[in-house]
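Note sheet for the following structure.
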Protein chains: 2
Amino acid sequence: MSRMNRRGSKSSADATAKIRAIGQRATPGRVRVLSLLGTVPRGLTHQDIETALARSGEGPMDRVTLYRVLDSLVSAGLVLRQADESRVFRFSAAGQAEAHAAHAHFRCDGCGRVFCLEAPPPAAPALPDGFRLSRMSLDLRGACRDCAAKRRAG
Amino acid sequence: MSRMNRRGSKSSADATAKIRAIGQRATPGRVRVLSLLGTVPRGLTHQDIETALARSGEGPMDRVTLYRVLDSLVSAGLVLRQADESRVFRFSAAGQAEAHAAHAHFRCDGCGRVFCLEAPPPAAPALPDGFRLSRMSLDLRGACRDCAAKRRAG
DNA sequence: CAACAAAATGCAACAGAGTTGCATATGCAA
DNA sequence: TTGCATATGCAACTCTGTTGCATTTTGTTG
């Protein structure tokens, strides 16, 4: 760890590289957000991220700037955005979702976490003539154990 | 048709019965909304419903009242509510959504159109204990006929 | 290394979807 | 028909996300 200076950790360097790779400027905001999302295995809300950044050593980030940072990462394909059950957006690092594209996953509508399932790959259905298939995914949605319990409780 | 009086159609009577069956008052608003949702094969937004009701012979319904009518139908289980991609709620009569979820979708990465496929859905894989499944979708992605041809051409 | 243009940031004001409080009206059971 | 729990209508509010614009920063060029 002695080689890590105040500019950041390995995940920062990693994030910087990814952002540059897709031709965008590696600003502090983008690097901070992308490396944060890379360390967390589930979708975070804008507010989650804002809070986490404010607590971190480098201080808070403007609300609007954070929205715009997220927009740019999403449109670059580095981050995924989806609306959860209570209609707030959840953001997650794209690599984490795509790495698991081979098998089925379960997404909790409550907390946004994604669970991988050991499912047999379903056979691809017949496509209309001329169509070309590039990817196929079996997506299950519902409530994970924690959220299902929470909802029953009240 | 001569047996239908000015109070409404078969779907109204049907809706009235369903609402009474679960122990709620069959108010005009509830009946109108539930029978509207019963005639439409997809999720409608609050605004869709508001507009449709305003155009219908019986005149508009208050915005807030409509929200509350939808709430009561949802909590009674007669209507399903889910946030769409742009984080607005879509409401559908319970039963229709399940029918629609029962097949696979193909989304074209070129033009963004979505095609419904007549494919038998694969069996749901086993979920970890305590998890609750609400929806399952088999999503295929690739190029539709038009976009595949276009890509070959130029 | 300095200057520069394009892009990102911060702030304030705005927009749309959904919710709450409260006075009034109404469905339905006795 | 009456009583009252429940539903309605209105206004004001909250929360998530957006837009406009002046200022600062990034990465490049000379």
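Residue numbering restarts at 1 for every chain, and letters A, B, ... go by the order of the sequence lines. Since we're looking at a predicted model, the values are computed, not measured.
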Could you check whether any side-chain N or O of A:D48 sits under 3.5 Å from a backbone N or O of A:T45, counting only pairs where one atom can act as donor and the other as acceptor?
yes
Nearest heavy atom decides the nucleotide; on that basis, is A:M61 or B:R20 closer to the 5' end of DNA chain C?
A:M61
Consider the side chain of A:T65, meaning its heavy atoms from C-beta on, and name the nucleotide among D:dC10, C:dT19, C:dT9 that approaches it most closely.
C:dT9
Does any N or O donor sit under 3.5 Å from an N or O acceptor when you compare the side chain of B:R63 with the base of D:dG9?
no
Do A:S72 and A:Q24 make a side-chain contact, defined as non-hydrogen atoms from C-beta onward lying under 4.5 Å apart?
yes
Please test B:L34 against B:V69 for side-chain contact (heavy atoms from CB on, under 4.5 Å), starting from the C-alpha separation and ending with a verdict.
CA-CA 9 Å; B:L34 186 55; B:V69 161; over 6 Å; no
Could you give the CG-to-C1' distance, from B:D84 to D:dG17, as a whole number of Å?
14 Å
From C:dT19, D:dT18, D:dC10, nucleotide with atom closest to A:V64 side chain:
D:dT18
Could you state the atom-to-atom distance from CD1 of B:I19 to P of C:dT26 in whole Å?
18 Å
Which nucleotide in the set C:dC28, D:dG27, C:dG27 lies at the smallest distance from any side-chain heavy atom of B:T27?
C:dG27
Would you check if the distance from the ring center of B:F89 to the ring center of B:H46 is below 6.0 Å?
no
Measuring to OP1 and OP2 of D:dA7, would you say a side-chain N or O of B:R30 lies under 4.0 angstrom away?
yes
Let me know the distance between CZ of B:F91 and P of C:dG18, rounded to the nearest Å.
6 Å
To the nearest 0.5 Å, what is the distance between NZ (A:K18) and CG (A:L73)?
10.5 Å
What is the distance, rounded to the nearest whole Å, between atom CG of A:L66 and atom P of C:dA8?
15 Å
Tell me whether the side-chain N/O atoms of B:Y67 come closer than 4.0 Å to OP1 or OP2 in C:dT19.
no
Does any donor-acceptor pair link the side chain of A:R68 with the base of D:dG17 at a separation under 3.5 Å?
no
Taking for each residue the nucleotide of DNA chain C bearing the nearest heavy atom, is the 5' side occupied by A:P28 or by B:R90?
A:P28
Rounded off to whole Å, could you give me the CG-to-C1' distance for the A:D71 and D:dT16 pair?
13 Å
Length of the CZ-C1' vector between B:R87 and D:dT14, whole Å:
12 Å
For atom CD of A:Q47 and atom P of D:dC15, their distance in whole Å
9 Å
From C-beta outward on A:R25, which listed nucleotide comes closest to its side chain: C:dG18, C:dA8, C:dA13?
C:dA8
Rounded distance in Å - CG (B:D48) to P (C:dA17):
10 Å
